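See below for the structure under consideration.
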Number of protein chains: 2
Amino acid sequence: MKRTPPKDTGEESGGTAPGGIQALDAALSVLRVLRSFDGPATLSDIAREAGMPPSKVHRYLASFIHAGLAVQKERSGRYDLGREAAELGVAAISRNNFVVRASDELEELAATTGQAALLAVWSHNGPTVVRMERGPHLTTTSIGLGSTFPLLDSATGRVFLSYLPSPQLAGRLQNELERAASVGVSWPDLNPNPESVEALTTKIRRERIAYVDGRYIPGLSAISSAITNWQGEIEVAVTLFGTHRDLLQPDSPARGALIDFAARHSIVPPAQLGNSSGVPER
Amino acid sequence: MKRTPPKDTGEESGGTAPGGIQALDAALSVLRVLRSFDGPATLSDIAREAGMPPSKVHRYLASFIHAGLAVQKERSGRYDLGREAAELGVAAISRNNFVVRASDELEELAATTGQAALLAVWSHNGPTVVRMERGPHLTTTSIGLGSTFPLLDSATGRVFLSYLPSPQLAGRLQNELERAASVGVSWPDLNPNPESVEALTTKIRRERIAYVDGRYIPGLSAISSAITNWQGEIEVAVTLFGTHRDLLQPDSPARGALIDFAARHSIVPPAQLGNSSGVPER
DNA sequence: GAAATTGATTGCATAATACGCAATAAGAAA
DNA sequence: TTTCTTATTGCGTATTATGCAATCAATTTC
């Protein structure tokens, strides 16, 4: 009796793990499906979404229930995440440090993109560099640990501009807008007024990438992306910079790698918890 | 060649699930072991704790890594919980009605009290921040999503100290008591010994408010209260914090608002169902 | 209320793979 | 550089996960 061949549909969990256990891979894809529902789900819903026969899914769910990761509601018969899922997750949250985890892989990001890379967090002085990898080509730069950036005139600053709640930004943004207006500065993609700032930040959040069309530091190009938490707030900005303007091209490999890096280090919010849009109210 | 018979040692995960999948049961017991470490662990540590051969555990970990539930640190080779575990946890928390309802009104609490506000749930690493509102005045803080707190030296920790059953607290409390005693630390309202802890927790449960007389973080004051379920067990701690020490005054409006908030989000246990005092047996 | 339909759960034969064990590779210590 | 320790991988086979059908349970229809 032949087993059905593996489905060729693009599975987000990406099929089987080399050196892993196939049954476990399949089971974990079921757990992921269970997680992706907004709330309790029927066996047939789960099986349909997982692309598996209900009897197979039922056995996986039996084990998840036994382990406390899932529960079956008595009245409706629906399955939901169990207490152990919360405990596992909160343990993971308590061990998650966005800066440390991004730092662990920053060297590799710099190496594969061929750019210098930095991490910045928000501080009293604005976006502040907390970690930096020089990468293969960077020779000299004044940017180093502790460097800060303006909000409007740097890729990193624009990322914070796009994700921080207004109260945190207010004074600093106001100062920069006034300064730019008083010396008649504007950018191809930004005029120093609130409407233009709003349009730019909407674009940055949509595209998950920021840059400055023009130059912050002569001879340097930079792109930046946000690592966000489950409230949709920015935790760290990841920035690539180097001397080649092709870094700014929409199809540059580094750009894709950066967006991917930031996404891999972000924790996506579920629909219900707080900000359903994933973006702080502005 | 016979497979080794199942270990007769009392496995907390309770062996195999009727109607489940044995490999999955075993793998999930490994995941539970990984969770139980305070941080990254070596393969041999995990295998020893799980009572399994390292090669078997390695294969399970390969699948967990593939699914994003675990990561292996490049430098140390140690294994830790991954991003998918965190996202699973956030999803599971978002199905906890106590957390969801408190989250829905957290922003308002922060606004009306003028303080930053946070929600913390218990994890293996202690009280862990799962939700946070910065409020009108907080600009920078090292407290963020995923932050954990000590039991004795934080308002949030003291709330959990007052409501969690002793077995859950035992190791962590013991460590903190020993550490405080060894460096000669004490607080105006707490000496590092069990009797003093008992008196403090009784007071906290009576008043439904906890704070630290002294400072956990210099310049920050915090008060915390428990949201409890129908069995009188703590589900979430709600904490207000800010830079003004008047937050700690017994007549401060924020204090009253916090106690009211927690009470409104708690379920009063029915008097006829056991614990009429609403306190878990200690 | 009975019959039909739908969804959940379980039994069973067997194809598939999880497993133990040993070998190999990689990393750390001397 | 050598030795020791830990992590990872190969492989034969014993074990079990699986597909399919049957059974059970719940819901819907008449």
Side-chain angles (χ1 to χ4, degrees), chain A residues 1-7 11 13 15-31 33-34 37 39-67 70-80 82 104, chain B residues 1-7 11 13 15-31 33-34 37 39-67 70-80:
Chain A
M1 201 164 278
K2 283 280 171 77
R3 297 267 161 84
T4 51
K7 275 191 164 277
E11 292 186 53
S13 60
T16 61
I21 302 290
Q22 292 183 51
L24 178 54
D25 297 328
L28 294 179
S29 71
V30 169
L31 186 61
V33 162
L34 183 60
F37 285 100
T42 64
L43 175 69
S44 43
D45 286 342
I46 299 164
R48 189 178 306 115
E49 199 62 40
M52 291 188 210
S55 66
K56 185 177 180 181
V57 170
H58 186 263
R59 290 190 172 102
Y60 292 146
L61 288 171
S63 288
F64 287 136
I65 287 167
H66 184 77
V71 291
Q72 189 174 19
K73 313 277 176 144
E74 277 205 15
R75 280 200 215 122
S76 63
R78 286 169 179 260
Y79 296 87
D80 204 354
D104 286 346
Chain B
M1 195 164 284
K2 282 275 171 79
R3 297 261 161 88
T4 49
K7 276 190 165 276
E11 293 186 50
S13 61
T16 62
I21 302 292
Q22 290 183 51
L24 179 53
D25 297 329
L28 293 179
S29 70
V30 170
L31 187 60
V33 162
L34 183 59
F37 287 99
T42 64
L43 175 67
S44 43
D45 286 341
I46 299 165
R48 188 178 307 115
E49 200 62 38
M52 292 189 211
S55 66
K56 185 180 183 181
V57 170
H58 186 264
R59 291 192 172 99
Y60 292 146
L61 288 171
S63 288
F64 288 135
I65 288 167
H66 184 78
V71 291
Q72 189 176 19
K73 311 278 177 144
E74 275 206 17
R75 281 200 213 124
S76 64
R78 286 169 177 260
Y79 296 88
D80 203 359

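Here is how names work: the chains are called A, B, and so on, in the same order as the sequence lines, proteins then strands, and each is numbered from 1. What you see is a predicted model, and the numbers here were worked out from it, not measured in a lab.
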Check: Given C:dA8, C:dA18, D:dT8, which nucleotide is nearest the side-chain atoms of A:His58?
Finding: C:dA8
Notebook entry, point to check: Whole-Å distance between C:dA26 P and B:Glu74 CD?
Noted result: 15 Å
Note to self: In this structure, how many angstroms lie between the P atom of D:dT16 and the NZ atom of A:Lys56, rounded?
What the structure shows: 18 Å
Check: Starting at OH of B:Tyr60 and ending at C1' of D:dT8, how long is that distance when rounded to a whole Å?
Finding: 16 Å
Note to self: How many whole angstroms separate atom CD1 of B:Ile21 from atom P of D:dT16?
What the structure shows: 11 Å
Next item on the list: Please report, rounded to the nearest Å, how far the C1' atom of D:dA7 is from the CZ atom of B:Arg78.
Entry: 13 Å
Check: Counting only distance, no hydrogens or angles, is the base of C:dG7 paired donor-acceptor with the side chain of A:Arg48 under 3.5 Å?
Finding: no
Checklist line | Residue whose closest nucleotide on DNA chain D lies nearer the 5' end, B:Ala23 versus A:Pro18 | finding: A:Pro18
Notebook entry, point to check: What's the shortest heavy-atom distance between B:Tyr60 and B:Ala27, and which atoms?
Noted result: CD2-CB, 3.6 Å
Next item on the list: Taking all non-hydrogen atoms of both residues into account, name the closest pair between A:His66 and B:Pro18 and its distance.
Entry: ND1-CD, 4.4 Å
Note to self: So, under a plain 3.5 Å distance rule, would you say the side chain of B:Arg59 forms a donor-acceptor pair with the base of C:dG20?
What the structure shows: yes
Next item on the list: Grab the NZ-P distance between B:Lys73 and C:dG27 for me, whole Å please.
Entry: 18 Å
Item checked: Heavy-atom side-chain contact between B:Gln72 and B:Phe64 under 4.5 Å -> no
Check: How long is the span from the CD1 atom in A:Ile21 to the CD1 atom in B:Ile21, to the nearest 0.5 Å?
Finding: 13.0 Å
Notebook entry, point to check: Closer to the 5' end of DNA chain C via nearest nucleotide, is it B:Ala26 or A:Pro54?
Noted result: A:Pro54
Note to self: Can you tell me whether the side chain of B:Ser55 and the base of C:dC21 have a donor-acceptor pair closer than 3.5 Å?
What the structure shows: yes
Check: So which nucleotide from C:dG20, C:dT9, D:dA7 ends up closest to the side chain of B:Pro53?
Finding: C:dG20
Notebook entry, point to check: Side-chain contact, heavy-atom cut-off 4.5 Å: A:Ile46 with A:Phe37?
Noted result: yes
Next item on the list: Report the distance from atom CG of B:Leu43 to atom P of D:dT9, rounded to the nearest whole Å.
Entry: 11 Å
Notebook entry, point to check: Between B:Gln22 and C:dC19, does any side-chain N or O lie under 4.0 Å from OP1 or OP2?
Noted result: no
Item checked: Distance below 4.0 Å between A:Tyr79 side-chain N/O and C:dT9 OP1 or OP2 -> yes
Item checked: Nucleotide nearest B:Gln72 when distance is taken to its side chain, options D:dA7, C:dC19, D:dA17 -> D:dA7
Checklist line | Nucleotide C:dC19, atom P - distance to CG of A:Leu24 in whole Å | finding: 10 Å
